[in-house]
Amino acid sequence: VFHDEIVRFQMLEDSFAVPKRHALDKRSPKTEKRGMSSEAAKAVVRRNTEEVQGRGNFDVFEELFADDFVDHTPQPNMTPDKDGARGLYRTLRAAFPDFHADIHWQAADGELVTTYKTYHGTHEGTFLGIAATGRKIHFETVDVMRVHDGKITEHWGVANLFSLIQQLGAWPAAPTS
């Protein structure tokens, strides 16, 4: 089972694609520029990282995520929609009650916000079938979120989950010479 999860992570990394305008997306670049400023879009994503992921405030989740949200790179056992994102955040908060992120930088291009961050936490609950270890963990993530009219509507992301699995002791560390 664990091997299947590693294969799934590799497939997610292989499938990461730079967001492109979908043929059904009728928003024009002019509409995108009129909607929100890049700074306002970055603030929405930052608020999700700090208040929802970092503090577990799911009222803010409901405020920030569009009902038709699409996750283009869902995590294992999660659906690619708002329910799946909520489920992932709840799973992370249950497994790592002190889960939080250090945002290193953000960049925005119209509605698209890219964030590079490092997550931290203490493994106090089951995660990906791995029982609590009490270990402190950290792993890097790059996310792209589309923010339209103040709501997060789409997500693409890559996380260094292989490093996380190693830190939890479920995969051997690389040999040292």
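Residues F96 and I103 do not share a hydrophobic cluster, clusters being chains of Ile/Leu/Val/Met/Phe/Trp/Tyr side chains in contact below 4.5 Å. V70 and V158 are not part of a single hydrophobic cluster, where members link through side-chain heavy atoms under 4.5 Å apart.
Here the NZ-CD distance, from K117 to E50, works out to 10.0 Å after rounding to the nearest 0.5 Å. If you take OH on Y89 and CD on Q75, they are separated by 10.5 Å, rounding to the nearest 0.5 Å. Taking NE2 of H148 as the start and CE of M36 as the end, the distance is 10.5 Å to the nearest 0.5 Å.
Residues V147 and E111 have side chains not in contact (no heavy-atom distance under 4.5 Å, counting atoms from C-beta outward). With a 4.5 Å cut-off on side-chain heavy atoms, N48 and M145 count as touching. Contact check for L92 versus Q53: no side-chain heavy atoms found under the 4.5 Å cut-off. Residues I152 and R47 fail the side-chain proximity criterion, which asks for heavy atoms closer than 4.5 Å. No side-chain heavy atom of D71 sits less than 4.5 Å from a side-chain heavy atom of M78. You'll find the side chain of H104 stays beyond 4.5 Å of the side chain of E140, heavy atoms only. Side-chain contact between W156 and V142 is absent, with no heavy atoms from C-beta onward closer than 4.5 Å.
Pairing each heavy atom of L168 with each of R135, the nearest pair is C-NH1, 3.2 Å. Between A41 and G110 the shortest heavy-atom distance is CB-O, 4.5 Å.
Classification of the F65-F61 ring pair by plane angle, with boundaries at 30° and 60°, yields parallel.
Applying the ring pair (Phe, Tyr, Trp, His ring centres under 6.0 Å) rule to F139 yields the partners Y119; only residues at least two apart in sequence or on another chain are considered. Residues that satisfy the ring pair (Phe, Tyr, Trp, His ring centres under 6.0 Å) test with H138, not counting sequence neighbours, are absent from this structure. Looking at residues two or more places apart in sequence or on another chain, you find no ring pair (Phe, Tyr, Trp, His ring centres under 6.0 Å) involving H155.
No side-chain donor-acceptor contact under 3.5 Å links T141 and D143.
In this structure, R90 forms a cation-pi arrangement with F58, its terminal cationic atom sitting closer than 6.0 Å to the ring centre and no more than 45° off the ring axis.
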